[in-house]
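Note: hydrogens, waters and symmetry copies are ignored here, and every other heavy atom, side chains too, is used.
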Amino acid sequence: MTAALVAGVLAGYGVAVPVGAIALLLMSLTARTSLRIGAAAALGVAAADGIYALIAVLGGAALARWIEPIATPLRWIAVVVLLYIAGHTAVGAVRHYRDPARARETKLLDTPGRAFLALLGLTLLNPMTIVYFGALVLGGRQAMDGLTGPEGAVFVTAAFLASASWQLTVAAGGALVGRVLATPRGRLVTALVSSLVISVLAVALVVAE
């Protein structure tokens, strides 16, 4: 049981800690909105990691091999979604800067529920997550001579909690940035920079294919 707990924690942090488009989107979203919305988005990312951890425990490497043929379409969908969010963020920031009264026009991720669902869906589009968890579970079974039902539950729970703790930390960092750059110009620069970085990382998903 302890081995499954440690493996789950390591798996959760292993998939969550590397900085990518999702982390930058989460941080910039929190900086532009609120910690409440950012925390909901963070839990959406963690929920996706938990779902993939569960799928990996149930199917292991077999599901990783199954998803490989559709990895490219999933990657392209993620690219399109990221570019849309980046463009929407940039346009909304410019409009808000020019006319603060139009701030409420941005409805894409303006509630905790929408933020949770958007980040959940976007994270689920990442085919590398299921491949990552599938490989971990396969190696874990070889090392522990098979995961029992309770061990699998511990692994999934630990992976979710580890991912959630990191994503909430990222969201808190975004909230801090939002307080530091609380001026209209500061928020504009934050939004434009985050949009640019997210766009670059989205393109990198295709280039690195």
Side-chain angles (χ1 to χ4, degrees), residues 1-31 33-64 67 74 78 81-82 85 109 111-178 198 201:
M1 195 70 71
T2 301
L5 174 63
V6 173
V9 170
L10 293 177
Y13 281 125
V15 75
V17 170
V19 176
I22 296 296
L24 292 171
L25 175 60
L26 177 58
M27 180 173 287
S28 63
L29 171 65
T30 311
T33 55
S34 67
L35 181 58
R36 182 165 170 259
I37 292 177
L43 292 178
V45 177
D49 290 341
I51 289 172
Y52 270 143
L54 175 61
I55 293 174
V57 167
L58 296 177
L63 284 177
I67 204 171
L74 288 178
V81 173
L82 284 171
I85 291 176
L109 301 174
T111 67
R114 289 177 180 174
F116 176 88
L117 292 176
L119 270 294
L120 170 65
L122 191 55
T123 307
L124 286 175
L125 286 174
N126 184 4
M128 291 308 298
T129 306
I130 183 61
V131 175
Y132 169 83
F133 276 116
L136 281 177
V137 171
L138 179 62
R141 282 176 175 166
Q142 292 173 344
M144 295 182 288
D145 194 25
L147 287 174
T148 64
E151 286 175 338
V154 169
F155 175 86
V156 173
T157 302
F160 167 76
L161 292 177
S163 176
S165 67
W166 179 259
Q167 305 302 343
L168 289 171
T169 300
V170 172
L176 180 60
V177 171
I198 291 171
L201 290 173

Please find the pair of heavy atoms, one from [X] and one from [Y], that lie closest to each other, and give the distance.
{"X": "Ala46", "Y": "Phe160", "answer": "O-CD1, 3.3 Å"}
{"X": "Pro112", "Y": "Ala40", "answer": "O-CB, 3.3 Å"}
{"X": "Ala39", "Y": "Ala171", "answer": "N-CB, 4.3 Å"}
{"X": "Leu26", "Y": "Ala42", "answer": "CD1-N, 3.6 Å"}

side-chain contact (heavy atoms from CB on, under 4.5 Å) with [X]: which residues, sequence neighbours excluded?
{"X": "Val45", "value": "Ile22, Asp49, Leu119, Thr123, Gln167"}
{"X": "Thr157", "value": "Leu161"}
{"X": "Val9", "value": "Leu5, Tyr13, Ala158, Ala162"}

Leu43 CG to Leu120 CG distance, which is reported to the nearest 0.5 Å = 11.0 Å
Measure the CZ-CG distance between Phe155 and Leu54 for me, rounded to the nearest 0.5 Å.
-> 10.5 Å
Heavy-atom donor-acceptor pair, Thr169 side chain to Ser165 backbone, under 3.5 Å = yes
How far apart are the C-alpha atoms of Thr30 and Val170, what are their side-chain angles, what is the distance that settles it, and do they pass the side chain to side chain contact (heavy atoms under 4.5 Å, CB included) test?
-> CA-CA 9 Å; Thr30 311; Val170 172; over 6 Å; no
